[in-house]
Amino acid sequence: MAPRKTRKTGKTARGSRKTGKGGAGSARKKTESHRSGSRHIVPGEDVSIRSFLIHGKFRTEAWDYSHHVVPPISSTSTYRLDSAERGAMGFYDFADPLKSKFEKSPIFIYERLDEPTRSMLEEDLAIAEGGEMALCFSSGMGAIASTLLAILQTGDEVIAHETLYGCTFSLLNNWFPRWGISVKYVDLVRNPDPTPYFTQRTRVVYFETPVNPNLEIVDIAAVVKAVKAENRKRRDKGKIKTIVDNTFASPACQRPIQMGVDLVVHSLTKSISGFGTELAGAVVGPKNMESDIILARKDLGTPLSSKSAWAILVYGLPTLDLRMRRAEKTAMAVARFLDGHPKVEKVLYPGLPAFPWKKTARAQMRGFDGKFAPGSMIYFTTVGYKKKPGEASCKLVNTIAREAYSITLAVSLGQIRTLIEKPGSMTHAVVPPEVQAAGGIDPEGIRLAIGLEEPEDLIRDLERALAKI
Ligand SMILES: Cc1ncc(COP(=O)(O)O)c(C=O)c1O
């Protein structure tokens, strides 16, 4: 059967022809009939984003669940197809570069391609981040790798801030060279204008802000300004994309797309999931990048499972703002305590008056209510022992592991429980010591991810542990 005439091209944005052909119009009509009578709410206009994230959309193109108060969970790896034509239509429509998946009633085929519970989470996440579309992945690394591989090809070049989450650094440093993709590490914190490093091969500028683990701040507006100026000189295919890992702040504290960034990536495992029960990731961005990224997700096999999507949709995202505001208050109290402690050398928390990037943080870290939102992460360094760098902080976290009640020695962040870790030898161990030193990862550095406990309890645990170093 020939492709439908209304379709201009059967090609993806990368130019590969997709399988499956048209001709199953009747199958499509059945799904559309579910949409009648949907209430049209514009989040941010008719209702605040905070309330929207509690209720979601009631009805979506992905699934009519108007008689459920809580969105239902779908749990099927494959889908019954009424006819060969409907199956063919499903394949033909999948990742259609001309139409966003959020604008059509999907024909579900197989969980790895598309899935309704995940789609509902994606719709809400896109709104939380202020993007046109979101896609969810099996982990934050799944989101980062799939997104970058959807954009890049052999010969391309990435410009990245020199300090990155350890596995992101490992992806860029250990794997990209094997595929002929080069990476230039630059200090975007102290110089947010990457123009001198651009070449005709540059396709992506990538950074985290606040930076994991040391909470340094990259000026998003300044990077965007430089990339936009460069892109004005380039044709579409050669344009540079800006990608921000917004995991540390979460959309409840910062929405980089509203500042002109192309794509935001997340480890949903952290604040958005919030309870430490799910491993998940996401990318949020413009509609015109959806089809390439969803194809990469399909072929790399990195989609989020419906069960994890459901937990994040029902528990994580609706409570994100509340949890973040509470953790932020506690973080402020803990940061002040640490700042005044004689055995603490340096504290980096965006809410502290002496925070070095206070002005930029105040400009770009804003809650849904527009107020300054410094987040729940603290980085501090202990006063060290001269002969053995790193030993004092090691002693501190070991005391916490042994004796503390409210603070847990564990990697990860953004959970209801406060977690502590030593990035130099844990989350960022893959980063060579000299690169750690150049990027501001101190041997005595400690990362504290504040949860929902009472600040006094956290301070008591820290006070006791600090007394022992
Ligand atoms: C800033 C940041 N980005 C990405 C990731 C990777 O996320 P995941 O562990 O969900 O793959 C992490 C994990 O710690 C992270 O901290």
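Ligands are counted one by one from 1 in listed order, and the atoms in each one are counted from 1 as well. We number each residue from 1, following the sequence as shown.
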Problem set entry | Pair R336 + D339: basic N to acidic O under 4.0 Å | no
Exercise. When you check the gap from the basic side-chain N to the acidic O, do K57 and D124 get nearer than 4.0 Å?
Worked result: no
Exercise. Is K239 salt-bridged to E230, going by a charged N under 4.0 Å from an acidic O?
Worked result: no
Problem set entry | side-chain hydrogen bond (donor to acceptor under 3.5 Å, both in side chains) pairs, two or more places apart, involving residues 345-362 | none
Exercise. So, K307 and E278, do they make that salt bridge, N to O below 4.0 Å?
Worked result: no
Show me the short polar-atom pairs for ligand 1: any N or O of it lying under 3.5 Å from a protein N or O, with distances only.
| residue | atom | partner | partner atom | Å |
| --- | --- | --- | --- | --- |
| ligand 1 | 3 (N) | D245 | OD2 | 2.6 |
| ligand 1 | 7 (O) | S267 | OG | 3.0 |
| ligand 1 | 10 (O) | G140 | N | 2.8 |
| ligand 1 | 10 (O) | S267 | OG | 2.8 |
| ligand 1 | 10 (O) | T269 | OG1 | 2.6 |
| ligand 1 | 11 (O) | G140 | N | 3.0 |
| ligand 1 | 11 (O) | M141 | N | 2.8 |
| ligand 1 | 14 (O) | K270 | NZ | 2.6 |
| ligand 1 | 16 (O) | N212 | ND2 | 2.9 |

Problem set entry | Short side-chain donor-acceptor distance under 3.5 Å, E290 and S100 | yes
